[in-house]
Structure formats: C-alpha cells, structure tokens
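Encoded as structure tokens, the structure appears first; notes follow it.
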Amino acid sequence: MKCFSSSTLLPATIKPHPLLLLTSRTKRCACLMKAASGYYSYQKFIRFALDETKVLIPELVPSYLQDDFSTLKALDGKTELKMCSYQAPKVRLLRSLSIEQSDGMQVLDFAVFPEAEYDLPIFCANFFTSGNTNIVVLDLNPLHDVINETHYKQKYYKSLIPLSLKYTELLPWGGKLTGESLKFFSPIVIWTRFSSSHGNHDILFSAFKDYYKAWLHLMNQATEETDVSQISLNREAQHRYLTWRAQKDPGYQLLKRLIGETLAKDVVKKFLFNGVNELGSKTFLDYFPEYECGDGSVNEKRSIVGKSFETRPWDARGVFIGDTLS
C-alpha cells in the first residue's frame with residue numbers, strides 16, 4: 001500500500017498504487033482468495049506463512065481487526081486491497097495487506113509483531129512488483145539496537161548469518177538506503193531489486209519461506225519475560241518502531257487524498273501499524289526530536305541525516321562496517 005520510501009523501511013523509488021474505499025466486513029481473511037494475476041501472485045506467500053504458523057501455534061485466531069479491515073476496493077472497480085489479521089500466544093498481531101492488479105502490479109506487506117513480554121524481532125516482508133521491476137525488503141526487524149550493541153544481535157542474528165549470506169548473494173543489495181532506515185534493519189536484511197523471471201521469483205519465495213521459518217523457530221524458543229522493566233523496554237521499542245512508520249509512511253498522503261483523512265488514519269494507525277495508539281503515549285517528536293520544525297510541526301522530509309548506503313553496510317560476519325550512526 002505504501003510508496004515504499006526508504007525512510008519507511010523501503011526505497012523511495014517505488015510508486016504506490018491508489019487504494020480506495022473500505023468495504024464489507026463480511027469477508028473473513030479475504031487475502032486467502034485465489035489470485036487472478038497468475039504465477040507471480042504473492043498469495044502463496046501468505047498461505048505459506050499462515051499454514052506454517054498454525055502448525056506451531058494451533059491457537060492462532062482471527063484478530064478483532066478482521067471485522068473492520070478486510071477489503072479495500074479501488075474506484076476503478078477492478079483492483080482490491082485484501083487484508084487479514086490474526087493473534088496468538090506470543091503474537092500480538094500477524095497481519096497481511098496485498099494488492100493485485102490485472103496489469104501485473106502487485107504489493108505485499110506482511111508483518112508479525114510479538115507481544116511485549118518477548119523481545120523477538122518483528123518479521124517484515126515488503127514486496128512490490130510492476131512490469132519487469134521488483135523491489136524487495138525482507139527482514140527480521142530488530143526490536144533493539146544491533147548496530148552499536150552486541151547482546152541482542154548475538155541473541156537473535158548470529159545463528160542466521162549463514163542463511164543471510166546464501167540469499168544476499170542471490171539477491172544483492174539494491175542501492176542507496178538512508179541512515180534513518182538502517183536503524184530499523186538487521187544484519188540479515190534483504191534489500192534488493194531484480195527483473196521478473198521464474199528463477200528470481202522462485203528465489204524470493206524460497207527466501208521468504210526460510211526467513212519466516214527462522215522467525216517461527218525463534219518465536220517457538222522464546223521464553224516469556226517476567227522483569228517488568230524489560231517488558232516496558234520491549235513495549236517502548238515496538239511503539240517507537242510503529243510511531244516512526246505511521247508518521248513517515250508516504251502512503252498515508254495517498255490514502256488521505258483518495259479516501260479521506262479519517263479513513264486514511266484508520267488504515268495506517270489501526271491496521272498497518274496497529275499499536276501506535278495503544279502501546280505508548282509518546283509522540284513522534286518525543287522519539288525523534290531532530291525532526292521538529294521551528295513551529296513545532298514535524299519535518300516531512302524523508303531523510304534529514306543526509307547519510308545513505310549504496311552497498312551492504314554489514315560484512316560476512318554480520319558486523320556493521322558503515323560509519324557509526326548517531
């Protein structure tokens with residue numbers, strides 16, 4: 001749904017597709033409907049993730065969000081944006097948003113957010129296909145710092161470096177990425193661009209499956225935190241992540257223009273980045289005061305750091321080799 005700016009964890013070159021009218025609440029998980037656009041459909045990614053999740057978490061049930069966020073329909077009468085959402089023990093929210101158009105344009109935004117009692121990374125898959133162009137971000141977004149600190153990186157990413165090396169060789173770094181975005185990525189992030197082909201899409205599907213199974217393994221092994229202060233830190237870290245994305249996602253402006261401000265805010269803050277209103281009370285400027293303008297408003301620039309990374313800023317051991325980020 002987003003135009004996928006790097007400031008919102010995706011490169012700014014992606015063009016968004018118009019999303020329009022929120023419709024019926026009668027469809028339960030419409031995102032599982034068979035896709036009409038053929039071989040490259042992202043629907044099989046969603047089906048795989050849900051099937052794998054249900055094996056490990058039989059308690060997975062539809063989220064309350066499913067009643068209000070099921071399908072968005074475009075004014076062209078042809079394009080639909082499909083949404084589904086679930087919750088389970090350890091999983092605060094598993095949600096998916098997808099778009100498929102008859103001309104081959106496709107978007108997948110799939111994420112899984114842990115409960116605050118777990119410091120698990122956030123699973124994140126953002127894929128965009130249009131014509132022969134594919135722009136991809138696939139990651140286990142870190143909840144805590146993995147650039148300046150080592151404990152969290154060792155805990156969740158050390159064992160996954162070989163998996164990362166396999167796919168970053170097949171799906172090489174996609175070009176400039178801003179310093180702000182990098183703070184929300186892990187050493188195993190796949191950020192890439194490629195031309196459409198059966199082989200490339202098979203590689204992407206394989207990467208998605210392996211990364212998701214890796215996340216599920218981490219989730220399955222995770223133990224519940226009992227330290228109230230650490231739970232609070234986890235909750236604030238997730239709230240910071242959500243606050244950044246809800247504020248800086250340029251897709252909001254598109255939604256506002258096409259479906260009105262009220263509905264656009266609902267989709268962004270209540271579905272895509274659900275939790276921004278519930279997990280904490282801090283504002284965007286509380287977390288990111290460097291974005292404050294003289295009149296107290298938020299600077300709308302995608303990046304104010306002025307630092308970007310044209311090549312992969314982690315080495316083969318997962319060590320950050322870019323300039324230190326402040």
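When reading the values below, keep in mind they use all heavy atoms of this one structure, side chains included, and skip hydrogens, waters and symmetry mates.
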Flag if over 12 foreign heavy atoms under 6.0 Å of CD, Glu290: yes
Closest heavy-atom pair and its distance - Lys166, Asp210: NZ-OD2, 3.7 Å
Distance in Å, Cys84 SG paired with Leu65 CG, rounded so as to fall on 0.5 Å steps: 11.0 Å
Any donor-acceptor N/O pair, Arg95 side chain to Met83 backbone, under 3.5 Å: no
Any Arg245 side-chain heavy atom under 4.5 Å of Phe184 side chain: no
Heavy-atom check, side chain of Tyr156 versus side chain of Pro142, under 4.5 Å: no
Proximity of Phe110 and Phe45 rings by center, below 6.0 Å: no
Stepwise side-chain hydrogen bond (donor to acceptor under 3.5 Å, both in side chains) check, Tyr152 with Asp119: CA-CA 9 Å; Tyr152 190 81; Asp119 65 356; 5.3 Å; no
Pair Phe208 + Phe123: ring centers closer than 6.0 Å: yes
Thr283 side chain vs Asp286 backbone, donor-acceptor pair below 3.5 Å: yes
Within one Ile-Leu-Val-Met-Phe-Trp-Tyr cluster: Ile161 and Val319, side-chain cutoff 4.5 Å: no
Under 3.5 Å: donor-acceptor pair, side chain of Asp139, backbone of Ser186: yes
Electrostatic pair Lys270-Asp68, nearest N-O below 4.0 angstrom: no
Trace of the side-chain hydrogen bond (donor to acceptor under 3.5 Å, both in side chains) decision for Thr53 with Tyr212: CA-CA 9 Å; Thr53 306; Tyr212 194 65; 2.6 Å; yes
Worked check of side chain to side chain contact (heavy atoms under 4.5 Å, CB included) between Gln106 and Ser41: CA-CA 8 Å; Gln106 295 185 70; Ser41 171; 4.2 Å; yes
Nearest-0.5 Å distance that lies between atom CG in Leu171 and atom CH2 in Trp173: 13.0 Å
Minimum heavy-atom distance Trp215-Pro121, with the two atoms named: NE1-O, 2.9 Å
Nearest heavy atoms of Phe271 and Ser96, plus distance in Å: CZ-O, 3.7 Å
Working for side chain to side chain contact (heavy atoms under 4.5 Å, CB included), residues Glu149 and Lys153: CA-CA 7 Å; Glu149 303 293 337; Lys153 183 171 71 172; over 6 Å; no
NZ/NE/NH1/NH2 to OD/OE distance under 4.0 Å, Lys282 and Glu236: yes
Ser206 and Tyr167 side chains, donor-acceptor separation under 3.5 Å: yes
Trp244 (side chain) donor-acceptor with Tyr287 (main chain) under 3.5 angstrom: no
Value rounded to 0.5 Å, distance of CG in Asn234 from NE2 in His144: 4.0 Å
Linked, directly or transitively: Leu218 and Ile231 (ILVMFWY side chains, under 4.5 Å): no
Main-chain N/O of Lys301 paired to Lys248 side chain as donor or acceptor, under 3.5 Å: yes
Taking every non-hydrogen atom, the tightest pair across Ala246 and Lys269: CB-CG, 4.4 Å
Thr168 and Trp314, any side-chain heavy atoms less than 4.5 Å apart: no
Check: Glu225 main-chain N/O paired with Glu117 side-chain donor or acceptor under 3.5 Å: no
Intermediate values then yes/no, side chain to side chain contact (heavy atoms under 4.5 Å, CB included), Phe194 and Ile203: CA-CA 11 Å; Phe194 58 81; Ile203 292 170; over 6 Å; no
Face-on cation placement of Lys209 at Phe205 ring, 6.0 Å and 45° thresholds: yes
Which atom of Glu59 lies closest to which atom of Pro89, heavy atoms considered: CB-CD, 3.7 Å
Parallel, tilted or perpendicular: ring planes of Tyr42 versus Phe127, cut at 30 and 60 degrees: tilted
Joint cluster assignment, Val61 & Ile46, ILVMFWY side-chain distance < 4.5 Å: no
Side chain proximity check, Ser164 to Tyr211, heavy atoms < 4.5 angstrom: yes
Any Phe273 side-chain heavy atom under 4.5 Å of Val268 side chain: yes
Parallel, tilted or perpendicular: ring planes of Tyr291 versus Phe288, cut at 30 and 60 degrees: perpendicular
NZ/Lys90: more than 12 non-hydrogen atoms of other groups inside 6.0 Å: yes
Side chain to side chain donor-acceptor pair (under 3.5 Å) partner of Ser196, chosen from Thr129, Thr133, Asn134: Asn134
Euclidean distance, Gln87 CD relative to Glu115 CD, rounded to 0.5 Å: 8.0 Å
Residue pair Gly175 / Trp191: nearest heavy atoms and the distance that separates them: O-NE1, 2.9 Å
Donor-acceptor under 3.5 Å (Gln238 side chain, Leu143 main chain): no
Check: Ile188 and Leu163 side chains under 4.5 Å, non-hydrogen atoms: no
Ile122 side, atom CD1; Tyr241 side, atom OH - distance, nearest 0.5 Å: 5.0 Å
Candidate pair Ile304 and Glu180, rule side chain to side chain contact (heavy atoms under 4.5 Å, CB included), full reasoning: CA-CA 8 Å; Ile304 64 172; Glu180 288 98 329; 3.9 Å; yes
Non-hydrogen side-chain atoms of Met219 and Tyr118 separated by less than 4.5 Å: no
Any side-chain heavy-atom pair of Leu216 and Val55 under 4.5 Å: no
Between CG on residue Leu170 and CG on residue Leu204, distance to nearest 0.5 Å: 11.0 Å
